[in-house]
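Remarks on the structure that follows.
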Amino acid sequence: MTSASSAMRSRARAAGISLDCHLVVRVLVLGRRGAGGVGSRFAVERGRGPQPSGQMITAIARGLRLTLDERDHLFVLAGHNAPARTTRDDHVNAGMMRILDRLEDTPAQVVTATGETIVQTPLAVALLGDQTRFTGLARSIIYRWFTDPNERTNYVSEDHPTHSRVYVAQLRTVASREGRGSHAAALADRLCAESSEFAQLWAQHEVGISYTNRKRILHPQVGMISLHCQTLVDPNQAQSLLVFTAIPGTEDHDKLRLLSVIGSQRLGASTPAASD
């Protein structure tokens with residue numbers, strides 16, 4: 001028995017849960033990486049008994065103090081759909097839109113849980129390009145990141161591995177939460193078929209990792225610009241408002257001001273992609 005399994009069993013016994021019946025859960029905490037988050041990898045080993053019930057998975061998750069993302073992923077690995085939280089659509093929360101209306105001089109945009117940009121401020125378009133113009137699966141930045149090389153030109157190459165890991169972990173979280181028949185699950189299946197990089201990362205079962213609040217963006221006219229990215233998640237967790245800011249008095253802040261003058265005329269912008 002590995003030390004990780006022993007630790008999980010001890011943790012489970014302390015919580016009054018038996019892992020010897022039907023299911024053994026090992027949670028391997030990989031530690032903080034460059035993405036600034038904690039990646040957790042789950043392996044589920046079933047015994048000879050029947051499939052563990054949803055009630056058993058719930059009890060294990062509660063006893064082990066798993067996060068919601070970790071709990072959802074555990075349900076999927078055990079052969080269940082994750083418990084429903086909320087529904088999602090492309091309608092932006094009215095309160096979030098009111099906030100966006102006040103950010104005319106700031107790069108900001110609303111994105112769905114699967115990375116589809118719904119609305120952008122003019123300065124966000126100037127910074128990142130018009131991300132609302134795509135159709136089909138290409139609406140998702142996660143899909144474009146792994147299938148369209150042009151998408152990566154917005155970011156410093158040294159940061160690409162971090163972006164890849166975070167995108168895969170974020171999609172796994174949504175697919176676990178929304179179930180096998182969801183758009184997120186279909187997106188993951190398609191990416192596994194189209195991108196070997198995505199398939200390799202998907203097989204690692206990482207969840208719960210996220211960015212640091214600082215992003216380095218490459219712009220064809222002002223060069224590299226380092227910005228803080230704050231995220232406001234709406235109450236049902238279906239959409240997020242991303243706000244990019246720079247510290248006043250810095251070169252990055254001056255570049256943002258220049259972008260507000262240049263507008264959205266980006267050099268070398270790619271032709272809008274479309275995918276079924």
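In what follows, residues are counted from 1 in the order of the sequence shown. Everything numeric here is computed off the predicted structure, so don't read it as measured data.
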Original post:
Regarding T250 and D252, is there a side-chain donor-to-acceptor distance under 3.5 Å anywhere?
Top reply: no
Subject >> Connected via hydrophobic side-chain network under 4.5 Å: V243 and I247 >> reply: no
**OP:** For S195 and C192, indicate whether the former's side chain and the latter's backbone hold a donor-acceptor pair under 3.5 Å.
**Re:** no
Original post:
Does a side-chain heavy-atom distance below 4.5 Å link T114 with L171?
Top reply: yes
**OP:** Check for a donor-acceptor pair, side chain of R165 on one end and backbone N or O of T162 on the other, with a separation under 3.5 Å.
**Re:** no
**OP:** Return the minimal non-hydrogen interatomic distance between F244 and L256, and the atom names on each side.
**Re:** O-CD1, 4.5 Å
Original post:
Do D72 and V207 touch side chain to side chain, with heavy atoms closer than 4.5 Å?
Top reply: no
**OP:** For side-chain contact (heavy atoms from CB on, under 4.5 Å), just list the numbers for V111 and Q239, CA-CA rounded to whole Å, side-chain angles, deciding distance to a tenth of an Å, and then say yes or no.
**Re:** CA-CA 6 Å; V111 298; Q239 298 168 352; over 6 Å; no
Original post:
With a 4.5 Å heavy-atom cut-off, do I118 and T112 have their side chains touching?
Top reply: yes
Original post:
Going from CG on L242 to OG1 on T231, what distance comes out if it is rounded to the nearest 0.5 angstrom?
Top reply: 5.0 Å
Original post:
Looking only at heavy atoms, what is the nearest atom pair of E178 and A184, with distance?
Top reply: OE1-CB, 4.3 Å
Original post:
Would you find a donor on one side and an acceptor on the other, under 3.5 Å apart, between the side chain of S140 and the backbone of I142?
Top reply: yes
Subject >> Shortest non-hydrogen separation from T106 to T121 and the atoms involved >> reply: O-OG1, 2.8 Å
Original post:
E197: what forms a side chain to side chain donor-acceptor pair (under 3.5 Å) with it, not counting sequence neighbours?
Top reply: R152, S164
**OP:** Would you check if there is a donor-acceptor pair between the side chains of H183 and E116 at a distance under 3.5 Å?
**Re:** yes
Subject >> Counterpart residues, side chain to side chain donor-acceptor pair (under 3.5 Å), relative to Q170 (two or more places apart) >> reply: none
Subject >> Between CG on residue L241 and CE on residue M96, distance to nearest 0.5 Å >> reply: 5.5 Å
Original post:
Looking only at heavy atoms, which two atoms of A82 and S176 are closest? And how far apart?
Top reply: CB-O, 2.6 Å
Subject >> Shortest non-hydrogen contact from A246 toward L227 >> reply: CB-CD2, 3.7 Å
Subject >> Verdict with supporting geometry, N81 and R180, side-chain contact (heavy atoms from CB on, under 4.5 Å) >> reply: CA-CA 7 Å; N81 284 330; R180 289 187 173 85; 4.0 Å; yes
Original post:
Hey, are the side chains of R172 and E206 touching, using non-hydrogen atoms and a 4.5 Å cut-off?
Top reply: no
Original post:
Judged by atom type as modelled, is there a donor-acceptor pair below 3.5 Å linking the side chain of R144 to the main-chain atoms of A138?
Top reply: yes
Original post:
Judged by atom type as modelled, is there a donor-acceptor pair below 3.5 Å linking the side chain of H73 to the main-chain atoms of A175?
Top reply: no
**OP:** Go through the structure and list residues passing side chain to side chain donor-acceptor pair (under 3.5 Å) with Q120, not counting sequence neighbours.
**Re:** Q109
Original post:
Residues in side chain to side chain contact (heavy atoms under 4.5 Å, CB included) with D159, at least two apart?
Top reply: V156, H163, R216
**OP:** Nearest 0.5 Å please: distance from the NE2 atom of H80 over to the CG atom of L74.
**Re:** 9.5 Å
Original post:
Checking side-chain contact (heavy atoms from CB on, under 4.5 Å) for the pair V119/T132: CA distance, chi angles, key distance, verdict?
Top reply: CA-CA 7 Å; V119 61; T132 66; 5.6 Å; no
Subject >> Y143 OH to L187 CG distance, which is reported to the nearest 0.5 Å >> reply: 8.5 Å
Subject >> Greater than 12 external heavy atoms within 6.0 Å of Q230's CD >> reply: yes
**OP:** Identify, with sequence neighbours excluded, every residue that meets salt bridge (Lys or Arg N to Asp or Glu O under 4.0 Å) alongside K215.
**Re:** none
**OP:** Test side-chain contact (heavy atoms from CB on, under 4.5 Å) on E251 and M224 and set out the steps.
**Re:** CA-CA 10 Å; E251 181 181 1; M224 198 272 285; over 6 Å; no
Original post:
Rounded to the nearest 0.5 Å, what separation is found between the CG atom of L259 and the CD1 atom of I225?
Top reply: 6.0 Å
Original post:
Would you say the side chain of F198 lies within less than 4.5 Å of the side chain of Y167, judging by non-hydrogen atoms?
Top reply: no
**OP:** Output yes when a side-chain donor or acceptor of H160 lies under 3.5 Å from a complementary backbone atom of Y155, and no otherwise.
**Re:** yes
Original post:
With sequence neighbours excluded, what pairs up with S226 under the side chain to side chain donor-acceptor pair (under 3.5 Å) test?
Top reply: R214
Original post:
Between A108 and L103, what is the shortest heavy-atom contact and its length?
Top reply: CB-CD1, 3.8 Å
Original post:
How many angstroms lie between CD1 in I217 and NZ in K255, if you round to the nearest 0.5 Å?
Top reply: 11.5 Å
